[in-house]
Protein chains: 2
Amino acid sequence: MTENVSDAIALRRAESLTAIVQRELERMIVVGELRAGDRLNEQALAQRFGVSRGPVREAMRALECANLVSTRLNQGFFVREISPEEIAEIYDMRAVVYGFICARLATTISAEALAALDAAIEEMDTAIATGDGKEYYRLNLAFHEQTIVCAAHNCAQQTYRSLINESHLARQRSLVEPERMRESNAEHRRLVEALKAGDAELARELGNKHVLAGRRRWKASVAEEDAIAASVPPHGAAAGATLVHK
Amino acid sequence: MTENVSDAIALRRAESLTAIVQRELERMIVVGELRAGDRLNEQALAQRFGVSRGPVREAMRALECANLVSTRLNQGFFVREISPEEIAEIYDMRAVVYGFICARLATTISAEALAALDAAIEEMDTAIATGDGKEYYRLNLAFHEQTIVCAAHNCAQQTYRSLINESHLARQRSLVEPERMRESNAEHRRLVEALKAGDAELARELGNKHVLAGRRRWKASVAEEDAIAASVPPHGAAAGATLVHK
DNA sequence: AAAGTGTATATTGTCAACAATATATCGAAT
DNA sequence: ATTCGATATATTGTTGACAATATACACTTT
């Protein structure tokens, strides 16, 4: 009997379909399964998730509010397209928020958490050594996530995560140069040193600068890509255009 | 014929019902027509707006993402309840974002915009002189809105506005003491001076401190209210409780 | 009177259907 | 061959309906 009861409890959904669809759609956008500008066909998505259009639309309204999805009246929902200028602005915000988080951490972080950050930095070194840019990217995200969780500041956490999510709308630059990774991880080291020293103002400055340096690295990587694209002028552009349905 | 065409265009809705309902609900929450904790009956709201439950639910999902509304499975939507700790965190975020905005303004603001800010400060002086706390509150909001618009930074604008909206979930302290209003406006003056001087770092610090000073004033006003409530212990509390349906 | 129990009502979460609008397809004209 | 226009299809925005769940109410028991 006890088992039946627990089964019944387990079977009873603890989440609305909207919440499930929303999480999955968000994931698909953030990891790039859905690309900026893609049209989101309600029926197709509903069918894919095994639900009706209602929950899908509700989920998309939430994602619209999170700036991940845009809408045109009578044309439906699209994965938001984001301009380089908007990306640059997001870096601005991330910088001030991350500065705040780091300053706060300097006076509150535990020895265990510091050790975990050190370990994460070591792992990133390994990724750099093996030239695994994708893995470095993943670890870097995890490092930042660790810090914002440790800061124990819900509002900052939420704001920062939302900004990170938005920035994923830009195509990921998987081709991370080793030199840039080294630079980035060196900044991590200096930041953690400041945290260990309990120097809030230094931590704020380093956190802030780390994000802005990330923007410089992003811009450099975009410039490089553009240069490569320019060296193969007519053919590549046309081929790319046909893929996107607009 | 031209008239018919323009009529047809005017008649054709330029917005979805969801967007209209969302704006109206947001307004009702922010101005306090709907109070924190209030249950949002879908049918009643749909009837009130002359639409069906679909658009109402979509609007609420968006507001949920904006942190204005919360949801409990099978119990529906509620105006979000916000704790003093959460309010305090929002002030933290507002402070760093407003600091950023002010720093940016220092190097970009036009003479006209500066004149408009001066005028707004004068108006606030008038409100203080007449002891009109509500009007001061309104003008203060408008002053901040002016500055964030001038900053011409979409991301900061959106982040800041969202934080302001959230903070409206806390019951407004209409009983603003004249001394606090004077203090607040003096901070406005110093800030605008820094903007005129083009001193970005000073502007950042003053913008930051102005928000944090606002938090101190808010806390003081809460403490005062609590003291008043404590002096009338049993009766008032019970009467208030019956009004709220839970 | 208070607490518990069972029934009726209300409300939500989800779905399916419909009208309005947009997109795609096809043929005719230049 | 392209452009234009008319028709057919697809998709959206919105509505009303239905089952599952929660709330309110009357009734019994202590």
Side-chain angles (χ1 to χ4, degrees), chain A residues 4-25 34 37-65 69-80 241-246, chain B residues 4-25 34 37-65 69-80 241-246:
Chain A
N4 288 343
V5 171
S6 57
D7 279 0
I9 292 171
L11 280 171
R12 195 162 98 191
R13 257 207 336 278
E15 271 183 317
S16 67
L17 295 183
T18 300
I20 296 168
V21 170
Q22 184 180 338
R23 206 181 30 246
E24 178 62 7
L25 273 176
L34 294 169
D38 282 1
R39 174 125 177 269
L40 298 170
N41 185 310
E42 295 173 19
Q43 198 138 310
L45 288 167
Q47 215 153 357
R48 167 167 180 164
F49 296 134
V51 301
S52 71
R53 283 172 57 218
V56 172
R57 282 181 65 88
E58 286 184 22
M60 299 220 256
R61 288 294 179 200
L63 294 174
E64 182 186 11
C65 183
V69 158
S70 65
T71 170
R72 274 174 273 172
L73 189 64
N74 293 326
Q75 292 180 45
F77 297 91
F78 300 79
V79 179
R80 178 187 168 203
T242 56
L243 288 173
V244 181
H245 159 265
K246 161 56 193 175
Chain B
N4 287 342
V5 172
S6 58
D7 278 358
I9 291 171
L11 281 171
R12 195 163 98 189
R13 260 207 335 280
E15 268 183 318
S16 66
L17 295 184
T18 299
I20 296 168
V21 170
Q22 184 181 338
R23 207 181 28 247
E24 179 61 7
L25 272 177
L34 294 169
D38 282 1
R39 173 122 179 274
L40 299 168
N41 186 310
E42 296 174 16
Q43 199 138 307
L45 288 168
Q47 215 153 357
R48 167 165 180 169
F49 297 134
V51 301
S52 69
R53 283 173 55 217
V56 172
R57 282 181 64 89
E58 287 184 22
M60 298 220 255
R61 289 294 179 197
L63 294 175
E64 182 186 10
C65 183
V69 158
S70 65
T71 170
R72 274 176 273 173
L73 189 63
N74 293 325
Q75 293 179 46
F77 296 91
F78 300 79
V79 179
R80 177 186 168 203
T242 58
L243 288 173
V244 180
H245 159 265
K246 155 62 191 179

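- Scanning for side chain to side chain contact (heavy atoms under 4.5 Å, CB included) contacts around B/Q22 gives B/A59, B/A62, B/L63, with sequence neighbours left out.
- Closest contact between the side chain of A/F77 and the listed nucleotides C/dT14, D/dG13, C/dG13 involves D/dG13.
- DNA chain C lies under 4.0 Å from at least one heavy atom of each of the following residues of residues 47-61 of chain B: B/R53, B/R57.
- Judged as a side chain to side chain contact (heavy atoms under 4.5 Å, CB included), and not counting sequence neighbours, the contacts of A/S70 are A/F78.
- Under the rule for a side-chain hydrogen bond (donor to acceptor under 3.5 Å, both in side chains), the partners of B/R80 that lie at least two apart in sequence or sit in another chain are B/E86, B/E166.
- In the set D/dT12, D/dA22, C/dT12, C/dT12 carries the atom at the smallest distance from any side-chain atom of B/E42.
- Every residue meeting the salt bridge (charged side-chain N to carboxylate O under 4.0 Å, His left out) condition with A/E42, not counting sequence neighbours, appears here in chain and number order: A/R53, A/R57.
- Phosphate proximity of D/dA22 to B/R72: absent, as no side-chain N or O sits under 4.0 Å from OP1 or OP2.
- Annotation: salt bridge (charged side-chain N to carboxylate O under 4.0 Å, His left out) contacts of B/R48 (sequence neighbours excluded): none.
- Listed nucleotides D/dT14, C/dT12, D/dG13 differ in distance to B/R39; the shortest reach to its side chain belongs to C/dT12.
- Put simply, B/N41 has a side-chain N or O that comes within less than 4.0 Å of OP1 or OP2 on C/dT11.
- Phosphate contact (OP1/OP2 of C/dT11, side-chain N/O of B/Q75, threshold under 4.0 Å): absent.
- Nearest heavy-atom pair across B/V21 and B/V56 is CG1-CA, 4.2 Å.
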